Number of protein chains: 2
Amino acid sequence: MVRKPTSKEAARKPNMREAILAAAEELFATNGFNAVSVRDIAQAAGANPGSVTYHFKTKDGLLLEIYRRHCGPMNLRRSELLAAAKRVRDLQDRLEAIVRAYVVPAFTSGSDLAGGGARFTRLRAVMSAEGNEVARKIIAQTFDDTSHAFIDAVHESLPHIPRTDIVWRSHFLLGALYYSLVTPERVSRLSRGEADGSDAACAIEQLVQATVAAFQAPALDQAAPARRRPVVGSKA
Amino acid sequence: MVRKPTSKEAARKPNMREAILAAAEELFATNGFNAVSVRDIAQAAGANPGSVTYHFKTKDGLLLEIYRRHCGPMNLRRSELLAAAKRVRDLQDRLEAIVRAYVVPAFTSGSDLAGGGARFTRLRAVMSAEGNEVARKIIAQTFDDTSHAFIDAVHESLPHIPRTDIVWRSHFLLGALYYSLVTPERVSRLSRGEADGSDAACAIEQLVQATVAAFQAPALDQAAPARRRPVVGSKA
DNA sequence: TGATCTTTTGTACGATAGTACAAATCTCAT
DNA sequence: ATGAGATTTGTACTATCGTACAAAAGATCA
């Protein structure tokens, strides 16, 4: 037997630390940070409230650890897929592959950590909406590199589109991605059962196709106003 | 009895009820429902905590009233704009006008109630992310009609696209819309200051153009798999 | 003016929040 | 087996939560 696993992990035994992380992830992702108490998490994990304090010190620390667990693997996966996508010859296919490299890791397991990236992405969406400070800091310093790499890659595929437009459109992509994971049932409801919002594969295909088309839209003239203003007179 | 000065001319006198509503709207929209206490709201409105109970009975009641205040006017405005949009002759212009009819009221003041629809839309985004029950009920029964009318109108402009695809793409639109209002600073950051995420007019133009292009994307073959799978082998 | 209704204030209560901490329990190399 | 360190448990403390409620203050009209 090896020296000592000490504070690492023993996967062979029910690991309380992991159980707490998984429970917290699920609860935070569905109810938000503030609506979930440490006691809720402990109960869902079959643990004692004090155990959470022991492992993560504070509730913020718990959230921080969830991010730490997922950010690395997910960004790594995105980098790999992005690198592969950039090698695609055909321009149209390359753009699609780039978008896919961004979308797929968000939906599927980026690391098989506690059951998949979709839950973590949903968590990010919720934290972003709640304006959570802990999440905001981590996100900005962890995902901005990836986002820039993605934006640059798209821009290389579409050199005639201003970078500003690419930024906006990739922002829309992330919003659509988040919302698809937050309220999938709305898709089922509005399609009157014809579509399943929870079907990740379907969501990915729809999102990728729509996003590719959005990226390929003609550039916006920033100086000149829109070519016309058909109906709306927006005032405020 | 007829009381003239109370509810009608109240604009010149500090109306506590309105002040509480405005403060709650702002705080909920930026911090989420659970992170904001009744005392926070009262303090921001310059009122007494008991006053909130008096006017709205419960915290949920306060949220409910915020929705009641905005849903009607915003949906009315959307209906008007949608009706006008449907009268546009040119097909491409009509689609754009339809999208604009959906987007503009969400960004600008739908009723000039307490300073604009953007704040209320941001509130809806946050409540949606938090899975707030009160909001979920109201949203489903208040906005689904509008959403269906919008989807139908888009579908009429693009008859060759399956309704399912339209539903997905309009879902993405709402997600992008929400996210633009929730974290506008991300656009500024990622564009390195070249774009201002808080510029509503700019956001509207970008969103409308991107969405029109997304709607016009070729239909997804639902039976057949994607024409290829360039890079990704998603497994989980 | 005084009577009556509406609104605001101040305070308090029970529930629950996050977290600290000591005791109990478990793990494992020796 | 045993002792040391790691983990879990149970409990308690303080702060804050939503809300109730009585008293004070303000408004309205005979």
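Just so it is clear, the model here is predicted, and its values are computed rather than measured.
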- Message: With the threshold set at under 4.0 Å for non-hydrogen atoms, list the residues of residues 57-65 of chain A touching DNA chain D in residue-number order.
- Response: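 Per residue number, the list is empty: none.
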- Going by heavy atoms closer than 4.0 Å, what residues in residues 33-48 of chain B are next to DNA chain D?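 Under 4.0 Å from DNA chain D: B:Val36, B:Ser37, B:Val38, B:Arg39.
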- Residues from residues 126-135 of chain B lying under 4.0 Å of DNA chain C - heavy atoms: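 Nothing qualifies; none.
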- Task: Respond yes when some side-chain nitrogen or oxygen of B:Tyr54 is under 4.0 Å from OP1 or OP2 of C:dT8, and no when none is.
- Result: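 No, B:Tyr54 has no side-chain N/O under 4.0 Å of OP1/OP2 on C:dT8.
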- Is the phosphate of D:dT8, meaning OP1 or OP2, less than 4.0 Å from a side-chain N or O of A:His55?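 Yes, such a contact exists.
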According to side-chain contact (heavy atoms from CB on, under 4.5 Å), who are the partners of [X], at least two apart in sequence or on a separate chain?
X	answer
B:Thr53	none
B:Leu64	B:Arg68, B:Val134, B:Ile138
A:Ala24	A:Phe28, A:Ile41, A:Leu62, A:Ile66
B:Ala44	B:Ala23, B:Leu27

Can you measure [X] atom [atom1] to [N] atom [atom2] for me and round it to whole angstrom units?
X	N	atom1	atom2	value
B:Arg17	C:dT9	CZ	P	16 Å
A:Glu18	D:dT8	CD	P	12 Å
A:Ile20	D:dA6	CD1	P	17 Å

- Any ring-ring contact (aromatic ring centres under 6.0 Å, His included) pairs touching residues 164-189 of chain B, not counting sequence neighbours?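 Those involving residues 164-189 of chain B are A:His171-B:Tyr179, A:Tyr178-B:Tyr179, A:Tyr179-B:His171, A:Tyr179-B:Tyr178, B:Trp168-B:Phe172.
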- Student check: side-chain heavy atoms of B:Asp152 and B:Arg163 closer than 4.5 Å: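 The answer is yes; the side chains approach within 4.5 Å.
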- Item | Inter-axis angle, terminal five-pair segments of the helix from C:dT1-D:dA30 to C:dT30-D:dA1 [nearest 10°] |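 Its terminal axes enclose an angle near 10°.
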- What class does the angle between the rings of A:Tyr67 and A:Phe120 fall in, given that below 30° is parallel, 30 to 60° is tilted and above 60° is perpendicular?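 Plane angle over 60°, so perpendicular.
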- Is it true that a side-chain atom of A:Ser191 and a backbone atom of B:Thr164 form a donor plus acceptor pair closer than 3.5 Å?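 Judged by distance alone, no pair lies under 3.5 Å.
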- Query: When you measure from the centre of the six-membered ring of A:Phe143, is the NZ or CZ of B:Arg186 under 6.0 Å away and within 45° of the axis?
  - Reply: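 So B:Arg186 doesn't make the cation-pi contact.
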- Which is it for B:Ser37 and B:Asp40 under the side-chain hydrogen bond (donor to acceptor under 3.5 Å, both in side chains) test, yes or no, and what are the steps along the way? CA-CA 5 Å; B:Ser37 71; B:Asp40 290 338; 3.2 Å; yes
- Message: Within the supplied structure, the quantity of interest is the number of heavy atoms (other residues, nucleotides, ligands) at a distance under 6.0 Å from B:Glu185 CD; does it exceed 12?
- Response: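 Result for CD/B:Glu185: enclosed.
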Where do N or O atoms of nucleotides 21-26 of chain D meet protein N or O atoms at under 3.5 Å, pair by pair?
none

- Minimum heavy-atom distance between A:Lys59 and A:Val36, given as atom pair plus value: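 That would be NZ-O, 2.7 Å.
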- Item | Within residues 166-181 of chain A or reaching into it, pairs that qualify as salt bridge (Lys or Arg N to Asp or Glu O under 4.0 Å) - sequence neighbours excluded |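 Passing the test, one end in residues 166-181 of chain A: A:Asp165-A:Arg169.
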- Item | Value rounded to 0.5 Å, distance of CG in B:Asn132 from CG in B:Leu63 |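 Here the rounded value is 5.5 Å.
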- Item | Non-neighbouring partners of A:Arg39 that pass side-chain hydrogen bond (donor to acceptor under 3.5 Å, both in side chains), sequence neighbours left out |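 A:Arg39 satisfies side-chain hydrogen bond (donor to acceptor under 3.5 Å, both in side chains) with no other residue.
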